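From a predicted model like this one, the values you see are computed outputs, not experimental measurements. Letters A, B, ... are given to chains in the order of the sequence lines, protein chains preceding strands, and every chain is numbered from 1.
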Amino acid sequence: MEIANAFALLTNFVIIPSITYGAQLSLSALGVTIVFGILRFANFSHGELMSFGAMVTILITSLFQTKGINIFPIPTALLALPIGIIATIAIALLADQLIFRFYRKNRSKPIIFTMASLGLMFFMAGLIRIIIGPNEYSFADGARFLISFRDFKAITGWDQGIAIKQTQLITLVVTLIVVINLLWFIYKTRWGKAMRAYSDNEDLALLSGINPERVVLLAWIIAGALACVAGTLYSLDKIYKPFIFTQITLPVFAATIIGGIGQPIGAVLGGFVVAFSEVAVTYSFKKFLTYLAPTNWEPQGLVQLISTDYKYAVSYIILIVVLLLRPTGIIPGKTT
Amino acid sequence: MATGMTCGYGGTYIVNDCALWVNKGEIAVIVGPNGAGKSTAMKAVFGMLNLCSGSVVFNGDDITHLAPQERVRIGMGFVPQNRNVFVSLSVEENLEMGAFISDSNVSTLKEQVFELFPILAEKRNQLAGNLSGGQRQQVAVARALMTQPRLLMLDEPTAGVSPIVMDELFDRIVEIALTGVAVIMVEQNARQALEIADQGFVLVQGSNRFIDSGKLLLANEEVRRSFLGG
Ligand SMILES: Nc1ncnc2c1ncn2[C@@H]1O[C@H](COP(=O)(O)OP(=O)(O)OP(=O)(O)O)[C@@H](O)[C@H]1O
Ligand SMILES: [Mg+2]
């Protein structure tokens, strides 16, 4: 009984949230890693690209809601998502044409691309605040829980329950579909292989007749779509707040680097590593241990490694540890 | 055919008024000391460097201002000296990338190339980066062949290859030329290479020092003394 309660507690507060958050990070890190693999720079504007995608999806969702269009019990946001994706791809391609293409022509160094992407990040953050404002939006309609806390307790008779939100399941299902399709594209199709070839050896790709501008176009389309899906899932599951996307850039980059930069499968793994660490380190294990410990041995403190206020520090710490122990990441990535 | 090529990297000229040519079905070999500008001349012919002066003519057309990827489409294939395979792709994927622009049946092309290099058929699912030096060079040549070139340019295809594999590679290259492909190659193993060459070029400091048929260069006392080690 005690063990069951401890298990339920852990599942509810650590495992399920980590998996959900991990999936969202994975999708984001995939976008960063693909842009890095093809364009060879760390794209700091990816967080704002996510924010932009989520914003468009929110605006379209509220439009649908006022018109009474819905797909209950599934959130209306999923119906609006394709439009958000198209808008995000459009702005990514526009930014590439207006900004990054110029530096490509000049064969600029990666650091110059990165600085340009920082500028783009600030620009987009401003644009987003002009359009939607600085406030938070909660836009998850539809059924809220698949299994609620109370139902679970009623069925099992345990003291602790496991609740599964619909948005958590949606996150998982969508991530699974997106990742499987993306990996299939990259590893099995002609253009996917061309992207890997270009990422591996740009000159030789040229000598094989692969058009570099086409490869870059594909990279932005994929990155834009991934950013929109990740941003929407994250805000749907938690809440949409523009400034969160500036902060989330850190764990996303941590996930990318941990996975081995430029490595799609690594980015997915990295996302889950960061999410699990962040959630586990900031969770208070007091109640959990109380269930397991013998009577009178209950822990006194919160048994929380660090306060949730410091959760972003976790990404830093993992990042440093990985860079010290295995600088190339889980799957050896690119260094330049 | 290229004439009067002058080019270099940022200001300094590496190649000076250099000429190279080869006919259909023939093999031209470029030899010369390290740093002579052999690789630079090859890159210039392929349009990977801009020429300061001179021109490149292919099949009667002036292609001096054509981009490298366009030259692939008109039938020029190039195996660079360094980084000449996709290390993170499998052998088979390397070949597929070679055939990227090809409209014809990729799998028949692949089978033809596998016939030429049977070892690659065995290793088709291995990453090219995990192959031995000799096998890698075979992948590099095979990748270029998949573009179905009419002119094949090889920059030191036998670098880091054992003598047996080198002989084999030369045999393959002769076979390729016999199918009507023009071959230009840079070689360190000058003696063996000149033996199979129809045309030989000795490049020193970016300029043509000797131009003659392979046999005559081999017989030339001065060439032997200075460039073939006696
Ligand atoms: N990318 C580059 N930038 C600047 N200088 C270069 C570059 N590549 C080669 N060089 C210089 O050009 C000169 C000729 O080099 P090149 O590679 O053409 O010689 P090579 O004849 O092919 O020599 P090797 O037999 O060693 O391959 C060398 O002095 C080299 O330092
Ligand atoms: Mg060379």
Contacts with chain A made by residues 65-74 of chain B (heavy-atom distance under 4.5 Å), listed by residue number: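 Residues in range: B:Gln69, B:Val72, B:Arg73.
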Contact residues of residues 118-130 of chain B (partner chain A; heavy-atom separation under 4.5 angstrom):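 Checking residues 118-130 of chain B against chain A gives no residue, so none.
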Heavy-atom proximity to chain A below 4.5 Å, by part of B:Met76: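 For B:Met76, neither part sits under 4.5 Å from chain A.
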Heavy-atom closest contact (A:Gln263 atom, A:Gly259 atom, distance):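 Looking at all heavy atoms of both residues, the shortest contact is CB-O, 4.0 Å.
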For A:Ile19, all residues meeting side-chain contact (heavy atoms from CB on, under 4.5 Å), sequence neighbours excluded: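 Once residues adjacent in sequence are excluded, the partners of A:Ile19 under the side-chain contact (heavy atoms from CB on, under 4.5 Å) criterion are A:Ile15, A:Leu172, A:Phe272, A:Phe276.
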A:Gln97: side-chain contact (heavy atoms from CB on, under 4.5 Å) partners, not counting sequence neighbours: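 A:Arg101.
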Between the side chains of [Y] and [X], is the shortest nitrogen-to-carboxylate-oxygen separation below 4.0 Å, so that they form an ion pair?
X        : Y       : result
A:Arg196 : B:Glu93 : yes
A:Arg104 : A:Asp96 : yes
A:Lys193 : B:Glu96 : yes

Plane angle bin for A:Tyr234 and A:Phe245 - parallel if under 30°, tilted between 30 and 60°, otherwise perpendicular: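 Perpendicular: the ring planes of A:Phe245 and A:Tyr234 meet at over 60°.
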Validation row, ring centre A:Tyr198 to ring centre A:Trp191 under 6.0 Å: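 Not close enough - the centres of the two rings lie 6.0 Å or further apart.
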Pair A:Phe100 + A:Trp220: ring centers closer than 6.0 Å: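 Yes, close enough.
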Over 12 non-hydrogen atoms of neighbours within 6.0 angstrom of CZ in A:Phe102: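 No, not enclosed.
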Interface residue of largest heavy-atom contact number with chain A, from B:Asn84, B:Thr147, B:Val106, under 4.5 Å: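 It is B:Asn84.
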